[in-house]
Amino acid sequence: MKIAKTGNGSNLCLALEGRLDTNTAPELEEALKNSIEGITELTIDMKGLDYLSSAGLRVLLGAQKTMNKQGTMQVTNVNDTIMEIFEVTGFADILTIE
């Protein structure tokens, strides 16, 4: 999985490409942990994401909990396959998806 970070000031966008699964979830978790401090608006761009596992969902949930305390988080460019996972798991109700 590739993670591209872009940001200015208190805004951060993480663009994900590839597979967010058991092997790559720790990589995203580390990227979030190292760059989320002081961020009030977090965007997770899933345009290039092909696959999402429960390990990836766990990382997204952790990021959402953190951002609930310090700002907002939105998930963008979700394809139909990933959206179905969000709907089946109830994440569609937890995350702000645009």
Side-chain angles (χ1 to χ4, degrees):
M1 181 178 68
K2 292 181 185 172
I3 302 172
K5 290 186 202 177
T6 54
N8 58 1
S10 61
N11 295 350
L12 175 66
C13 177
L14 298 180
L16 309 181
E17 187 179 325
R19 295 171 57 91
L20 180 52
D21 56 22
T22 306
N23 296 322
T24 58
E27 186 181 337
L28 177 58
E29 195 168 32
E30 189 68 22
L32 285 164
K33 189 168 70 172
N34 291 336
S35 53
I36 206 169
E37 190 173 318
I39 298 298
T40 57
E41 189 174 322
L42 174 64
T43 302
I44 309 275
D45 185 346
M46 296 190 165
K47 186 174 186 178
L49 198 65
D50 303 323
Y51 175 80
L52 177 65
S53 76
S54 59
L57 288 172
R58 182 185 55 77
V59 175
L60 291 175
L61 182 61
Q64 182 65 64
K65 285 181 177 179
T66 300
M67 291 311 297
N68 284 344
K69 296 175 189 165
Q70 66 188 54
T72 61
M73 177 175 128
Q74 59 188 6
V75 181
T76 61
N77 298 313
V78 178
N79 67 34
D80 291 342
T81 304
I82 304 293
M83 191 63 200
E84 187 176 338
I85 292 168
F86 286 155
E87 288 171 353
V88 168
T89 58
F91 272 69
D93 299 327
I94 297 169
L95 301 175
T96 302
I97 302 169
E98 296 184 6

Heavy-atom nearest pair, Gly56 first then Ala25, reads N-CB, 4.1 Å
Show the nearest heavy-atom pair for residues Gly38 and Gln70, with the distance to one decimal. N-NE2, 4.2 Å
How close do Met46 and Leu60 get, heavy atom to heavy atom, and via which atoms? CE-CD1, 3.5 Å
As an exercise, state the distance from CG of Leu14 to NZ of Lys2, rounded to the nearest 0.5 Å. 16.0 Å
Smallest heavy-atom separation, Ile3 atom then Ala31 atom, equals CD1-CB, 4.2 Å
Looking at Asp45, Thr96, Ile44, which one forms a side-chain contact (heavy atoms from CB on, under 4.5 Å) with Thr76? Asp45
Check whether any side-chain N or O of Asp21 sits under 3.5 Å from a backbone N or O of Thr24 as a donor-acceptor pair, and report yes or no. yes
Over all atoms of both residues, closest heavy-atom pair of Met1 and Leu28: CE-CB, 4.0 Å
Under 4.5 Å between any side-chain heavy atoms of Asn79 and Leu49, yes or no? no
Among Asn68, Thr66, Leu42, find the residue that satisfies the side-chain contact (heavy atoms from CB on, under 4.5 Å) test when tested with Met73. Leu42
Apply side-chain contact (heavy atoms from CB on, under 4.5 Å) to residues Leu61 and Phe91 and explain how you reach the verdict. CA-CA 8 Å; Leu61 182 61; Phe91 272 69; 4.0 Å; yes
Is there a side-chain contact between Leu52 and Phe86, using heavy atoms and a 4.5 Å cut-off? yes
Above 12 or not: heavy atoms from other molecules or residues under 6.0 Å from CD of Glu84? no
Near Lys33 NZ, under 6.0 Å, is it more than 12 heavy atoms from other residues, nucleotides or ligands? no
When every non-hydrogen atom of Ala63 is compared with those of Leu32, the smallest separation belongs to CB-CD1, 3.8 Å
Working to the nearest 0.5 Å, report the span between OG1 of Thr6 and CG of Asn11. 9.5 Å
Does a side chain donor of either Thr43 or Gln74 reach within less than 3.5 Å of an acceptor in the other side chain? yes
Roughly how far, to the nearest 0.5 Å, is CD1 of Ile97 from CE of Met83? 4.0 Å
